[in-house]
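Here is the structure we will look at, set down as structure tokens.
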Amino acid sequence: GEDVEQSLFLSVREGDSSVINCTYTDSSSTYLYWYKQEPGAGLQLLTYIFSNMDMKQDQRLTVLLNKKDKHLSLRIADTQTGDSAIYFCAETYSGGYQKVTFGTGTKLQVIP
Amino acid sequence: ETGVTQTPRHLVMGMTNKKSLKCEQHLGHNAMYWYKQSAKKPLELMFVYNFKEQTENNSVPSRFSPECPNSSHLFLHLHTLQPEDSALYLCASSQDTSGRDTGELFFGEGSRLTVL
């Protein structure tokens, strides 16, 4: 089956950039997502990228997609303490039946 | 109310108990999901319902029994669970499973289950 892998933990200082990485195995992925889970809450979609794109930028967030290496990254510029959360990478293949596969989540700790 | 709501938020049960988790969505969606979140493991899809019909059972043990009476409500009935079933159980909804949209999932806050 499809696999999505990401590191479990990342620590950065407030004001620095954070880069969270993810690799996936399904070459037929249509959409790739980043979800954010704040403490005590469910997951919330942060951003997504369609598989025919290489990059997407949304304010402090930059998503980079390398389809050849099946690598997805999320860069958060000027990281704030409010960015502390678990970030889940996910992918789906929209071939008539859509099922989203998630990674383990990367816990981002922002040090003041 | 808006979004996806789950009850109870916390549940402690013995291995011989029977309990149920409830999920309700107010988004007009047609697909609903149960996911299991355990530490250091990928978020694990358990069940999918599309227009009240079960379309996915991801090899889940029979001690977990889902029920979807309508597109807005989803239950997870629990009986004779094991301590390793302790986890956060997340409910989610989406427009449907056709793949015609972005596939965004809308999650509830989860039910934290502890099995003693």
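Proteins come first, then strands; the chains are lettered A, B, ... in the order of their sequence lines, and each starts at number 1.
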Looking at [X], I'd like to know if its [atom1] atom is crowded, meaning that more than 12 non-hydrogen atoms belonging to other residues, nucleotides or ligands lie closer than 6.0 Å.
{"X": "B:Phe47", "atom1": "CZ", "result": "yes"}
{"X": "A:Gln59", "atom1": "CD", "result": "no"}
{"X": "A:Lys56", "atom1": "NZ", "result": "yes"}
{"X": "B:Met15", "atom1": "CE", "result": "no"}

If Ile, Leu, Val, Met, Phe, Trp and Tyr residues are connected whenever their side-chain heavy atoms lie under 4.5 Å apart, and connections chain through other members, are [X] and [Y] in the same group?
{"X": "B:Val12", "Y": "B:Leu113", "result": "no"}
{"X": "B:Leu11", "Y": "B:Leu76", "result": "yes"}
{"X": "B:Tyr49", "Y": "B:Phe106", "result": "no"}
{"X": "A:Met53", "Y": "A:Tyr48", "result": "yes"}
{"X": "B:Phe107", "Y": "B:Leu45", "result": "yes"}

Minimum heavy-atom separation for A:Phe102 and B:Pro42, please, with both atom names.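 It is O-CB, 3.5 Å.
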Give the minimum heavy-atom separation between A:Phe88 and B:Leu43, together with the two atoms involved.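 The pair with the smallest heavy-atom distance is CE2-CB, 4.4 Å.
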B:Gln37 CD to A:Thr104 OG1 distance, which is reported to the nearest 0.5 Å: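 One gets 10.0 Å once the value is rounded to the nearest 0.5 Å.
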Heavy-atom contacts under 4.5 Å, residues 75-84 of chain A to chain B: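 The list, in residue order, is empty: none.
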Chain B contact residues among residues 36-46 of chain A, heavy-atom distance under 4.5 Å: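 The list, in residue order, reads A:Gln37, A:Gly40, A:Ala41, A:Gly42, A:Leu43, A:Leu45.
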Using heavy-atom distances under 4.5 Å, tell me whether [X] contacts chain A through its side chain, its backbone, both, or neither.
{"X": "B:Arg9", "answer": "side chain"}
{"X": "B:Leu88", "answer": "side chain"}
{"X": "B:Lys41", "answer": "backbone"}

Check: B:Glu104 main-chain N/O paired with A:Tyr31 side-chain donor or acceptor under 3.5 Å: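 Not confirmed, A:Tyr31 side chain does not pair with B:Glu104 backbone.
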Go through the atoms of A:Tyr35 and report whether side chain, backbone, both or neither lie under 4.5 Å from a heavy atom of chain B.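 Only the side chain of A:Tyr35 comes within 4.5 Å of chain B.
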Heavy-atom pairs under 4.5 Å with chain B are the metric here; pick the option from A:Leu8, A:Thr101, A:Val100 that has the most.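 Most pairs with chain B among the choices: A:Val100.
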Does B:Val48 form a side chain to side chain contact (heavy atoms under 4.5 Å, CB included) with A:Lys99? I'd like the steps, not just the answer. CA-CA 9 Å; B:Val48 181; A:Lys99 187 170 74 171; 5.5 Å; no
Hey, could you give me each pair passing salt bridge (Lys or Arg N to Asp or Glu O under 4.0 Å) that has a residue in residues 66-85 of chain B? Not counting sequence neighbours.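 Checked against salt bridge (Lys or Arg N to Asp or Glu O under 4.0 Å) - neighbours excluded - the pairs reaching residues 66-85 of chain B are B:Arg63-B:Asp85.
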Set of residues satisfying side-chain hydrogen bond (donor to acceptor under 3.5 Å, both in side chains) with respect to A:Asp16, sequence neighbours excluded: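 With sequence neighbours excluded, A:Asp16 shows a side-chain hydrogen bond (donor to acceptor under 3.5 Å, both in side chains) to no residue whatsoever.
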